[in-house]
Amino acid sequence: MKQFISFVKKEFFHIFRDRRTMLILLGIPIVQIILFGFAITTEVKNTQIAIFDPSKDISTQRITEQLQASEYFTVAEVLNNPDDIDRVFKEGKANLVVVFGENFSDNLLHTGEASVQLITDATDPNQASMLSGYAASIISSYQQELMREYQLPFRIIPEIRMLYNPQLKSAYNFVPGVMGLILMLICAMMTSIAIVREKELGTMEILLASPVKPIYIILAKMVPYFTLSFVNLSTILLLSVFVLQVPVAGSLFWLTIVSVIFIMVALALGLLVSTIVDTQVAAMLVSGMGFMMPVMLLSGMIFPVESMPVALQWFSDIIPAKWYISAVRKLMIEGVSVIFVWKEMTILLIMAIFLIMISLKKFKTRLT
């Protein structure tokens, strides 16, 4: 029994001395419960909407106030021109636009009927359906309130229009997300494991001692995964267009450029992981938990970022996949010009340069 207790103590000491293992054992469950508790939600909250109100009468103002007062919507912009509707969608300033008919209040009071159009961005069909449903419910509540006030029958007809994905195909939503997830896993996880494997087997020291400069050895490890990622990108696009019937509405050239920048970011992340850990198991854990879960939960791939707590929204800004998925949706699904994705491209480019510099600086050319 004393020998058994001694071995147990030894194992405890080994665990306590390894701070990274302690972080994995105690830190990851905390992170997981926070992410699953706050990020995974089917509710829609604080979604930015725009209002186009040519009549500007008491009824439209009261409906706008009720939309703003609800926890579901935030009125981000009041439009003065119907041409601005397309602009706010392309710039990502609104996911829903409420368009009131002219002489809304007069038509409602004199004929008992008025129309309002709900235009949603259906690149995410589930979110679009929920947004239009919530907005229609608020408008219906105002209609009931008006009927109680005047003791007359009134009818407000919401006309729902789905932009970019009128058939509400789910493939329009998950294809950009899958592209971001696959490229991140192949580039970051596989690159980190490939380099750490050399360390673990002791062959990295032999490679670094060769006449070839270390930078070329690192680049040689990355090129195959860059090539595989490019092949995967081509495969996903071909399957999307010819099997899933999701067309590339925008520029294929700029979609490729954005993807190349994102691949560079993922490769740099993989290299950074390889400088932190020394075993393949640790690399798998860091890459899997550190990259895969945030991409799935906090990038907008499955759950809308706007519905998350503010702290998680800020944290999502440092996740490269969020900006890549947003750019792919705009270029591939919405078919916008490259000027509407300059923000995403700039952020990804800055991330790529920063991560490559940090990763190369931290990479140890001597294994001591």
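Keep in mind it's a predicted model, so treat the numbers as computed, not measured.
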Here the pair of heavy atoms bringing Gln48 nearest to Gly92 is OE1-O, 4.4 Å

Less than 4.5 Å apart, side chain to side chain, heavy atoms only: is that true for Val98 and Leu118? yes

### Message
For a 4.5 angstrom cut-off between non-hydrogen side-chain atoms, does Glu159 reach Ile157?
### Response
no

Same cluster for Met264 and Ile358 if Ile/Leu/Val/Met/Phe/Trp/Tyr side chains link at under 4.5 Å? yes

When rounded to the nearest 0.5 Å, the distance separating CG of Leu312 from CG of Leu298 is 6.0 Å

The residue among Thr64, Ile63, Val99 that forms side-chain contact (heavy atoms from CB on, under 4.5 Å) with Ile51 is Thr64

Shortest non-hydrogen pair, Phe104 vs Ser59, comes out as CD2-CB, 3.8 Å

Indicate, with yes or no, if Val265 and Ile353 share a hydrophobic cluster defined by side-chain heavy-atom contacts under 4.5 Å among Ile, Leu, Val, Met, Phe, Trp and Tyr. yes

Note to self: Tell me if a side-chain donor or acceptor on Ser140 pairs with a main-chain N or O of Ala136 at a distance below 3.5 Å.
What the structure shows: no

In this structure, are over 12 heavy atoms from other groups packed under 6.0 Å from Phe230 atom CZ?
no

For Ile333 and Ala249, the nearest pair of non-hydrogen atoms, with its separation, is O-CB, 3.7 Å

For Thr60 and Asp57, which I'm curious about, is there any donor-acceptor pair between the side chains at under 3.5 Å? yes

Worksheet item: Is there a side-chain contact between Met184 and Phe262, using heavy atoms and a 4.5 Å cut-off?
Response: yes

Do you see a donor-acceptor pair shorter than 3.5 Å between the side chains of Thr47 and Asn95? no

>> Any non-hydrogen side-chain atom of Trp254 less than 4.5 Å from a side-chain atom of Val341?
In response: no

Taking every heavy atom of Leu183 against every heavy atom of Ala266, the minimum-distance pair comes out as O-CB, 4.0 Å

**Asked** Hey, are the side chains of Met130 and Tyr72 touching, using non-hydrogen atoms and a 4.5 Å cut-off?
**Response** no

Value for CG (Leu67) from OG1 (Thr74), rounded to nearest 0.5 Å, stands at 11.0 Å

Worksheet item: Quick one: do Ile139 and Val78 end up in the same hydrophobic cluster if we chain Ile, Leu, Val, Met, Phe, Trp and Tyr together by side-chain heavy atoms under 4.5 Å apart?
Response: yes

To the nearest 0.5 Å, atom CZ of Arg329 lies from atom CD of Glu334 at 9.5 Å

| said: Less than 4.0 angstrom from a charged side-chain N to a carboxylate O is my criterion; do Arg87 and Asp83 meet it? | reply: no

CE (Met357) with more than 12 external heavy atoms under 6.0 Å:
no

**OP:** Examine Trp342 and Met345 and state if one hydrophobic cluster contains both, with Ile, Leu, Val, Met, Phe, Trp and Tyr joined whenever side-chain heavy atoms are less than 4.5 Å apart.
**Re:** no

Next item on the list: Verify the neighbour count for atom CZ of Arg155: are there more than 12 heavy atoms of other residues, nucleotides or ligands below 6.0 Å?
Entry: no

Is the backbone N or O of Trp323 less than 3.5 Å from a side-chain atom of Ser326, with the two atoms forming a donor-acceptor pair by type?
no

side-chain contact (heavy atoms from CB on, under 4.5 Å) test vs Met332 passes for just one of Thr123, Leu252, Val175, Val258, namely Val175

Would Asp53 and Ser55 count as having a side-chain donor-acceptor pair, cut-off 3.5 Å?
yes

dist Glu344:CD -> Leu331:CG (nearest 0.5 Å) comes out at 8.5 Å

Take the angle between the ring planes of Tyr164 and Phe89 and call it parallel below 30°, perpendicular above 60°, tilted in between.
perpendicular

CD1 of Ile347 to CG of Asp317, rounded to nearest 0.5 Å, is 7.5 Å

Exercise. Decide yes or no for Ser259 and Tyr324: does some side-chain heavy atom of the first lie under 4.5 Å from some side-chain heavy atom of the second?
Key: yes

Any donor and acceptor pair, going by atom type alone, linking the side chain of Ser137 with main-chain N or O of Gly133 inside 3.5 Å? no

Any side-chain to backbone donor/acceptor pair from Asn107 onto Glu102? Under 3.5 Å, distance only.
yes

| How about Lys343: does its NZ atom have over 12 heavy atoms from other parts shown lying under 6.0 Å from it? | no

When every non-hydrogen atom of Thr120 is compared with those of Met162, the smallest separation belongs to OG1-SD, 2.9 Å

Self-check item: Test log, rule side-chain contact (heavy atoms from CB on, under 4.5 Å), inputs Phe253 and Ile257
Solution: CA-CA 6 Å; Phe253 172 77; Ile257 294 297; 3.9 Å; yes

Taking the side chain as every heavy atom from C-beta outward, state whether Ile58 and Arg62 have any atom pair closer than 4.5 Å.
yes

In this structure, CD1 of Ile182 is separated from CE of Met179 (nearest 0.5 Å) by 9.0 Å

- Message: Tell me whether Val338 shares a hydrophobic cluster with Ile350, the cluster being built from Ile, Leu, Val, Met, Phe, Trp, Tyr side chains joined at under 4.5 Å.
- Response: no

Margin query: So does Met296 get a backbone contact from the side chain of Ser299, meaning a donor-acceptor N/O pair under 3.5 Å?
Written below: no

Nearest heavy-atom approach of Lys330 to Phe340 is NZ-O, 3.4 Å

| message | When you compare the side chain of Ile138 with that of Ser70, does any pair of heavy atoms fall below 4.5 Å? | response | yes

